[in-house]
Amino acid sequence: MNLFEITRAIVLAIGWPFLIFGSIIVLYKQIVFNRKFGRPILAKIMLTAITGWLITMYSLGISATLLMFENLIMGVKVILPIFLIWCATMIILIAIIKRWNDEVLKRQR
């Protein structure tokens, strides 16, 4: 295996589980928030926004995976920086959603 194949394997081994488990966490937190918050209009807007975000992330994941298998060298060179930025934004998004949900629920009481 060369460096590009190893990098592709690492990106796929980390990326897909992180996307799946991150999606589950984000959706779970959103559903819990919707039940506690009790305002159906805002809850629907937030759920729609998160669903749209997840659809775009899965689309990006599928496209990235296909590109890395279609053209290994170009795929890794293009996808690796995008993947690193995506990982950082996913972590930030989960932290922001947790803080925002906690803050809104505190003010609701």
Side-chain angles (χ1 to χ4, degrees):
M1 280 182 111
N2 66 25
L3 182 61
F4 289 103
E5 290 173 335
I6 292 169
T7 303
R8 175 180 62 192
I10 291 170
V11 166
L12 294 176
I14 293 172
W16 278 106
F18 191 52
L19 177 60
I20 292 167
F21 291 124
S23 300
I24 291 169
I25 291 169
V26 169
L27 282 174
Y28 173 76
K29 289 186 177 293
Q30 184 58 42
I31 290 168
V32 168
F33 175 78
N34 289 352
R35 288 187 182 150
K36 290 181 181 177
F37 189 60
R39 294 202 180 149
I41 293 173
L42 181 59
K44 286 179 184 178
I45 291 170
M46 289 178 58
L47 187 58
T48 302
I50 288 175
T51 302
W53 179 78
L54 289 175
I55 289 170
T56 59
M57 290 298 101
Y58 278 94
S59 299
L60 177 62
I62 291 167
S63 300
T65 300
L66 291 174
L67 178 61
M68 287 191 292
F69 279 105
E70 183 66 29
N71 187 334
L72 177 63
I73 295 170
M74 184 184 80
V76 169
K77 286 180 179 179
V78 169
I79 298 305
L80 185 60
I82 295 169
F83 172 74
L84 295 174
I85 292 168
W86 172 77
C87 283
T89 59
M90 185 76 160
I91 292 168
I92 292 167
L93 176 72
I94 291 171
I96 288 171
I97 287 174
K98 182 183 179 332
R99 281 192 213 143
W100 191 77
N101 287 352
D102 293 343
E103 186 65 29
V104 168
L105 292 173
K106 279 184 203 173
R107 292 176 188 232
Q108 184 71 16
R109 293 179 190 167

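Just so it is clear, the values below take in all heavy atoms, side chains as well, and ignore hydrogens, waters and symmetry mates.
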Hydrophobic cluster identity match, [X] and [Y], side-chain contacts under 4.5 Å:
{"X": "Ile55", "Y": "Ile82", "value": "no"}
{"X": "Ile20", "Y": "Tyr28", "value": "no"}
{"X": "Ile73", "Y": "Val76", "value": "yes"}
{"X": "Leu27", "Y": "Ile45", "value": "no"}
{"X": "Leu60", "Y": "Leu66", "value": "yes"}

Identify each donor-acceptor pair in which a side-chain atom of residues 84-93 lies under 3.5 Å from a protein atom, sequence neighbours left out, and give them as a table.
from  : atom 1 : to    : atom 2 : distance (Å)
Thr89 : OG1    : Ile85 : O      : 3.3
Thr89 : OG1    : Trp86 : O      : 2.8

(Q) If I take atom CD from residue Gln30 and atom OG1 from residue Thr51, how far apart are they, to the nearest 0.5 angstrom? (A)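 Result: 8.5 Å between the selected atoms.
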
**Q.** Gap between atom CE of Met57 and atom CD1 of Ile62 - 0.5 Å precision
**A.**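 So the gap between those two atoms works out to 12.0 Å.
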
Q) In chain order, what residues pass the side chain to side chain donor-acceptor pair (under 3.5 Å) check against Trp53, with sequence neighbours excluded? A) none

**Q.** Any residue meeting side chain to side chain donor-acceptor pair (under 3.5 Å) with Ser23, in chain and number order, not counting sequence neighbours
**A.**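 Listed in chain order: Tyr58.
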
Which pairs would a plain distance check flag for residues 4-11, meaning a side-chain donor or acceptor within less than 3.5 Å of a matching protein atom at least two apart in sequence or in another chain?
from : atom 1 : to    : atom 2 : distance (Å)
Glu5 : OE1    : Asn2  : N      : 3.1
Thr7 : OG1    : Leu3  : O      : 2.8
Arg8 : NH1    : Met68 : O      : 3.2

(Q) Ile25: which residues meet the side chain to side chain contact (heavy atoms under 4.5 Å, CB included) condition with it, sequence neighbours left out? (A) Lys29, Ile94

Q: Could you list all the side chain to side chain donor-acceptor pair (under 3.5 Å) pairs where at least one residue sits in residues 64-77, not counting sequence neighbours?
A: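 Listed once each, the pairs are Trp16-Thr65.
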
